[in-house]
Amino acid sequence: MKRFAFAAALVLTCGDVQSAPDPFAQTRLEWNKPLKPFHVIGNIYYVGAAGVSAFLITTPQCHIVTDGALPESAPLIEANIKAQGFKLSDVKNLLNSHAHFDHSGSLARLKQVSGARLVASTADKPILKSGHISFGPAANADSIPVKVDQVVADGGTVSLGGVTLTANVTSGHTPGCTTWTMNFRDGNVTRKVMFFCSISVAGNPLIGNKHFPGIVQAYRTSFARLKTMQADIFLAPHGAQFRMEGKLAMVKPGAANPFIDTGELPRFIVKAEIDFDAELARQQASAPPKI
Ligand SMILES: [Zn+2]
């Protein structure tokens, strides 16, 4: 795909080590800017960087972290957990939304430091294990390989310290893209929290993708499913996807928690599906004719 051809002619001299240029070099600098960690709601904290998320879910006994952001985000995540008054050594489970370098990058390091077990979907497990995805722009940006200790199927759960998270495999963005959901008691109300995976095309080849032949149907199935789901608190792998900055600016003592917004998920999905259809039409129009 020409649009994402990153090949560069490298002229080597003795002693040079050949390495491909990182197509995400500038983006990762932006994404990995520090952000003061903050309390989202209930037992959920944001401990990621400015542009790539990581969430800490605490329990009285031990904790869960979802997503590892970029490989270079590990020191930030560790410091953010500590700054919120928690110990990384108390993190017993690591979860992953999807096996792209900007969301799985620090999992190996976090696992090593905490001794936590990594839980991920069956379809993304080999990508996490190798650190490499075979298609899309992320194929040019490998992650740090990490061993998955436990695979989870669609509908499977992870329970720890009285908290249960359910895996909803919303395939498309990656084959095993996993949207994690949980409930928590907020006074007299039960709130539904969604740690959304992602559903953007993000440069994925939709036509003739030999690494993921059913990719279009996978997206369609996930759109249909996400339209049936509910979330009082919609959280996502990139802050911009859940309007983190705007909501943070609305946090005021005594005011309603801006992260509670039941309309966020349906608004997001409607827009994402329009974007998907436009990108599919664009790729269909530029695909070589079948002979
Ligand atoms: Zn991604």
Side-chain angles (χ1 to χ4, degrees), residues 31 35 37-59 62-71 73-74 76-78 80-81 84 86-88 90-111 113-121 124-125 127-128 143-144 146 148-152 154 156-170 173-174 176-184 191-199 229 231-239 241-242 244 259 265:
W31 281 345
L35 181 80
F38 62 91
H39 176 229
V40 178
I41 195 162
N43 57 340
I44 301 167
Y45 299 80
Y46 185 90
V47 293
V52 274
S53 304
F55 297 96
L56 173 71
I57 303 151
T58 65
T59 83
C62 45
H63 316 312
I64 301 164
V65 167
T66 71
D67 274 355
L70 294 154
S73 307
L76 271 175
I77 297 172
E78 290 180 50
N80 286 348
I81 290 172
Q84 288 296 301
F86 300 100
K87 288 190 215 155
L88 188 59
D90 287 337
V91 174
K92 299 298 177 202
N93 270 144
L94 294 167
L95 309 181
N96 184 223
S97 61
H98 65 281
H100 275 160
F101 71 100
D102 49 336
H103 308 295
S104 68
S106 289
L107 291 174
R109 165 73 187 170
L110 295 176
K111 189 174 153 165
V113 176
S114 65
R117 287 168 59 78
L118 173 60
V119 184
S121 67
D124 273 11
K125 179 184 172 180
I127 308 168
L128 292 165
S143 190
I144 296 175
V146 59
V148 174
D149 300 292
Q150 187 186 332
V151 289
V152 68
D154 183 36
T157 58
V158 172
S159 294
L160 194 73
V163 170
T164 297
L165 285 118
T166 302
N168 305 269
V169 178
T170 47
H173 185 79
T174 64
C177 209
T178 307
T179 293
W180 291 92
T181 51
M182 64 174 267
N183 290 344
F184 82 94
R191 306 265 188 212
K192 289 179 188 293
V193 184
M194 177 179 283
F195 300 93
F196 177 62
C197 178
S198 199
I199 200 156
M229 294 175 77
D232 301 310
I233 295 110
F234 176 75
L235 303 169
H238 294 284
Q241 293 171 322
F242 63 100
M244 179 177 75
F259 289 96
L265 170 65

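What you see below is based on every heavy atom in this structure, not just the backbone, and it leaves out hydrogens, waters and symmetry mates.
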For residues 51-59, tabulate all N or O donor-acceptor pairs below 3.5 Å that involve a side-chain atom, not counting sequence neighbours.
residue : atom : partner : partner atom : Å
S53     : OG   : A236    : O            : 2.7
S53     : OG   : P237    : O            : 3.1
T59     : OG1  : Q61     : N            : 3.1
T59     : OG1  : C62     : N            : 3.0
T59     : OG1  : C62     : O            : 2.5

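Once rounded to the nearest 0.5 Å, the distance linking CG of L95 with CG of L107 reads 9.5 Å. F196 contributes atom CZ, which lies 9.5 Å from atom NE2 of H98 (distance to the nearest 0.5 angstrom). Distance CH2/W180 to OG1/T170: 11.0 Å, rounded to 0.5 Å.
S106 is linked by a side-chain hydrogen bond (donor to acceptor under 3.5 Å, both in side chains) to nothing, counting only residues two or more places apart in sequence or in another chain. A search for side chain to side chain contact (heavy atoms under 4.5 Å, CB included) contacts involving L88 returns E78, I81, V91, L110, V113, S114, not counting sequence neighbours. With sequence neighbours left out, the side chain to side chain contact (heavy atoms under 4.5 Å, CB included) criterion links K111 to L94, L118, V146, K147, D149. With sequence neighbours left out, the side chain to side chain contact (heavy atoms under 4.5 Å, CB included) criterion links T164 to T157, S159. In this structure R117 satisfies the salt bridge (charged side-chain N to carboxylate O under 4.0 Å, His left out) test with no other residue, sequence neighbours excluded.
Side-chain contact check for F242 versus V40: every heavy-atom pair is 4.5 Å or farther apart.
Considering every non-hydrogen atom in both A69 and I77, the closest pair reads CB-CD1, 4.1 Å. Here the closest non-hydrogen pair linking F234 and Q241 is CE2-O, 3.6 Å. Summarising the geometry of F184 relative to G42, their closest heavy-atom pair is CE1-CA, 3.8 Å, with the distance given to 0.1 Å.
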